[in-house]
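Below: the structure, in structure tokens.
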Amino acid sequence: MFGSYSTSRRRYLAVLIGASCAMPLLAHAEINPDFFGYARSGIGSTSGGGSQTCFRAAGAPAKYRLGNECETYAEIGLGAQLYQQDEASFDFASRVAYVTAQDNDDESLQDEDNNISLREMYVSGTGVIAGLPSASLWAGKRFYKRHDIHMNDFYYWDVSGPGVGISDIDVGTGALSFAWTRSEGNDDGDGLFPDAGQQISDDTLDARWSGIPVNPGGSLELGLDYGRSSLPDWQQDYYDDQGVDYDEGDKGWMATLEHTQSDWFGGSNKFVVQYATDGIITRDGNAVGRGTGTLRQEGSMWRVIDQGQVWLAPDKLDMLYALIYEDKDMDDNTGRQWFSAGVRPVYYWSDIMSTAVELGYDHIEPQGGVTGYNDGDHDLTKLTIAQQWSAGRGALIRPTIRLFATYANWSGDAYNDARESYSLDTGAGPNNVDIDDSDGLTFGAQMEVWWGS
Amino acid sequence: MPSYPQPALPRKAPARPPRALPLTRQALPLVALLVALTGCSSPLMSPQAPTLPAQAGQQALASASECCQTLADLPYRPLPANETLTLDFTPQTPAHGFTDGKSFFQAFSLPANAGPLTLDVTSPIRDGQVFAPTLLVLDAAFQPVRQVTSETLEVRRPTGFSGARLSGRFSVAPGPGASYLVIYSRDTDRQATTTYESEEKAYARVRGLAEPAVPDPVAAHTATGSLTLTVAPLTSGGLLSSPSPASASAIPPVAAPTSPPRQAPTGIASAAPATAEPAFDYRRMIEAALKAGDVELALELAERAERNGETGTRAWLAERLQTRTP
């Protein structure tokens with residue numbers, strides 16, 4: 001293990017030297033690099049002792065994030081326009097994401113909470129296809145037109161990954177985009193497949209029609225995703241031998257309809273309806289429209305979201321809000337219903353200082369076959385107050401430094417006797433409330449920043 | 001003087017008191033800390049003046065009395081050669097009826113002996129409006145010789161470190177041909193608008209999110225506002241600021257190596273003004289101007305070098321320009 005580590009380090013060194021040698025060459029070509037990214041980091045404690053506990057209802061794919069994030073997470077991006085002539089241009093972008101448990105100075109990648117991953121590495125050519133001047137042809141790994149709710153870090157449409165596509169084809173009324181992306185799974189991780197390294201490849205085909213004007217200030221986006229596992233003969237033979245029926249459970253599709261309303265109380269509102277089937281849904285994780293590498297997952301999912309930002313008093317008080325209803329109805333009764341609602345009003349004392357309050361509620365109704373967490377109806381409410389110093393007024397202005405206190409209250413015990421998830425999801429960070437606690441209090445400080453020209 | 005509503009001072013209490021919740025004892029110090037921070041927040045607040053609504057600013061301009069009859073009468077103040085200035089254009093700022101429109105203005109006399117300067121103008125978009133400036137350079141006889149209009153400024157999108165803004169850079173070689181600088185806004189500047197990227201779109205762009213389906217905001221160009229002007233010697237930026245053999249030659253040979261240039265003994269200093277300009281390395285300045293893409297300035301410097309007896313500079317520049325053009 002150590003040997004391979006030092007080898008890779010030597011390789012990094014070689015890359016570094018290579019990079020530094022290449023620098024003068026790049027400078028000569030007058031490349032103006034784009035530096036962009038995102039980061040959050042901080043420190044926190046749980047009242048009663050221990051590092052900050054983060055509160056997420058077991059069975060919920062998201063948690064309201066203000067004063068409720070326990071890790072350091074960063075994305076560092078570098079890119080550049082490499083070519084520009086007439087109407088044609090080529091751009092390169094790369095992005096490395098880092099996550100650490102935020103519990104020490106030197107945090108090793110050998111600890112499971114820490115990771116470095118290459119999230120983006122792609123080139124897009126705009127205006128390079130004759131007859132489609134506005135369209136971009138792209139290939140490589142990328143974040144592909146992701147849709148999220150900022151307040152609870154919930155991604156509801158995200159087929160990112162290695163891929164190829166052509167995006168933003170102007171069709172007069174809106175624009176069309178098509179993509180083929182790759183993901184990978186391990187058949188529910190049930191150990192049936194003999195070698196964990198031999199994964200199942202999934203293909204996702206994504207088609208979107210965006211920017212369709214439907215009403216004053218309002219526009220519609222329609223999307224269809226189809227995902228399936230791509231099994232080579234030897235994997236099919238193996239599953240045939242195991243008696244696994246992979247005909248249905250490996251495939252699935254998801255339809256998305258999203259309406260965006262601008263001129264909405266000084267902000268905007270998004271209303272989303274999604275329907276997904278079988279293999280494109282994950283039982284416990286989050287269904288994002290991408291193949292999941294599962295073979296035996298059958299069921300359907302409905303999801304309805306309304307979210308947005310409004311100014312309640314211009315320049316003084318704005319608010320993020322979100323409403324989510326999701327019903328995963330799995331044939332083996334391992335799904336659940338999830339209802340979630342949150343608001344984050346922020347009062348701006350000045351251009352720099354603000355006070356934010358975030359109230360979030362998650363309610364889970366598991367189906368009968370749920371194991372691994374509290375199988376009864378349970379809910380979690382969190383309330384955070386934070387004093388913030390930011391580079392301006394508005395919910396999406398960063399950088400921000402905040403001091404926070406978070407109180408959470410939930411139904412049922414926090415963990416089971418083995419300190420595994422019960423009403424609280426143990427995967428959300430350190431677990432420093434007691435097993436039978438039904439509320440908890442944390443406090444700390446955090447910075448959040450994003451940038452990029 | 002027109003009056004406009006002053007925004008109410010922020011109240012001390014939090015906007016919405018949290019619901020009564022069973023906070024445990026340990027939380028109290030933190031809550032107390034938060035409240036204390038709120039209470040003593042004024043030193044942390046930026047002293048930025050409130051944004052005057054576009055219409056109120058326009059009305060203030062219409063009713064403002066003109067300070068001066070001619071460009072020669074404007075209240076000029078010396079422009080520091082190496083400083084960042086915040087320039088406010090308010091109803092209290094002097095106004096003048098320029099040939100292309102009445103405007104609040106700021107007027108400066110350029111430092112005669114500073115050498116060529118770069119001027120960076122940045123006008124932030126705040127509350128959906130922006131002061132779109134025009135810069136006017138006057139010669140020693142107060143005749144306009146150059147105008148940099150707001151159309152030439154670039155709209156810079158928010159980067160996460162700074163908000164959306166108009167910005168531009170140009171250089172000027174102070175001398176008899178460029179003695180004064182006036183910053184104002186023309187009628188046409190104020191009739192235009194600036195479309196810029198919202199913070200929401202900036203966030204989506206840097207995080208690889210789908211571009212929000214909301215139109216780009218449009219900023220009105222106002223009669224009042226605020227901008228920053230950064231003045232720096234042309235050669236101070238970038239690689240040229242480091243000492244090098246080339247920069248050493250800029251020091252006149254008469255100066256003792258230990259004393260800074262242009263600080264000759266007092267007796268000589270008073271006799272010295274015969275030399276209108278300090279001896280500086282014209283070719284280095286020209287290089288810097290070319291590097292900044294300002295051919296106009298390079299030509300002007302070459303002319304001046306020729307006048308000061310450095311014959312051959314013009315030919316040298318011509319050669320430089322030829323090698324630059326493939």
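The shown structure was predicted, so the numbers you read here are calculated from the model rather than taken from an experiment. Residue numbers begin at 1 in each chain, while the letters A, B, ... track the order of the sequences.
- In the displayed structure, Gln55(B) atom CD is contacted under 6.0 Å by at most 12 heavy atoms of other residues, nucleotides or ligands.
- Going from atom CD of Glu211(B) over to atom CG of Asp168(A) covers 8.0 Å, rounded to the nearest 0.5 Å.
- Annotation: maximal heavy-atom pairing with chain B below 4.5 Å, among Phe143(A), Tyr155(A), Tyr38(A), occurs at Tyr38(A).
- The parts of Arg207(B) that come within reach of chain A are both its backbone and its side chain, each placing non-hydrogen atoms under 4.5 angstrom from that chain.
- Gly452(A) approaches Val206(B) most closely through the heavy-atom pair CA-CG1, 3.6 Å.
- In this structure, Leu78(A) places its CG atom where more than 12 heavy-atom neighbours from other residues, nucleotides or ligands lie under 6.0 Å away.
- The part of Phe36(A) that comes within reach of chain B is its side chain, from C-beta onward, which places non-hydrogen atoms under 4.5 angstrom from that chain.
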Name every donor-acceptor pair, under 3.5 Å, that has one atom in a side chain of residues 263-270 of chain A and the other anywhere in the protein, sequence neighbours excluded.
{"unit_1": "Trp264(A)", "atom_1": "NE1", "unit_2": "Tyr321(A)", "atom_2": "OH", "d": "2.8"}
{"unit_1": "Asn269(A)", "atom_1": "OD1", "unit_2": "Tyr321(A)", "atom_2": "OH", "d": "2.4"}
{"unit_1": "Asn269(A)", "atom_1": "ND2", "unit_2": "Asp306(A)", "atom_2": "OD1", "d": "3.0"}

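- Each of Ser198(B), Pro215(B), Ala213(B) has some count of heavy-atom pairs under 4.5 Å with chain A, and the biggest count is that of Ala213(B).
- Closest heavy-atom contact between Leu396(A) and Glu199(B): O-CB, 3.8 Å.
- Atom CZ of Arg156(B) has 12 or fewer heavy atoms from other residues, nucleotides or ligands within 6.0 Å.
- Within a 6.0 Å radius of CZ in Arg169(B), other residues, nucleotides and ligands contribute 12 heavy atoms or fewer.
- For Arg119(A), no part lies under 4.5 angstrom from a heavy atom of chain B.
- Note on ring orientation: taking the six-membered ring where Trp is involved, the planes of Tyr203(B) and His150(A) are perpendicular (angle over 60°, cut-offs 30° and 60°).
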Going by atom type alone, with no hydrogens or angles, which donor-acceptor pairs under 3.5 Å involve a side-chain atom of residues 209-222 of chain A and a protein atom two or more places apart or on another chain?
{"unit_1": "Trp209(A)", "atom_1": "NE1", "unit_2": "Thr173(A)", "atom_2": "O", "d": "2.8"}
{"unit_1": "Asn215(A)", "atom_1": "OD1", "unit_2": "His259(A)", "atom_2": "NE2", "d": "3.0"}
{"unit_1": "Asn215(A)", "atom_1": "ND2", "unit_2": "Gln261(A)", "atom_2": "OE1", "d": "2.8"}
{"unit_1": "Glu221(A)", "atom_1": "OE1", "unit_2": "His147(A)", "atom_2": "NE2", "d": "3.3"}

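- By the neighbour-count criterion of 12 heavy atoms within 6.0 Å, atom CG of Leu85(B) is densely surrounded, having more than that number from other residues, nucleotides or ligands.
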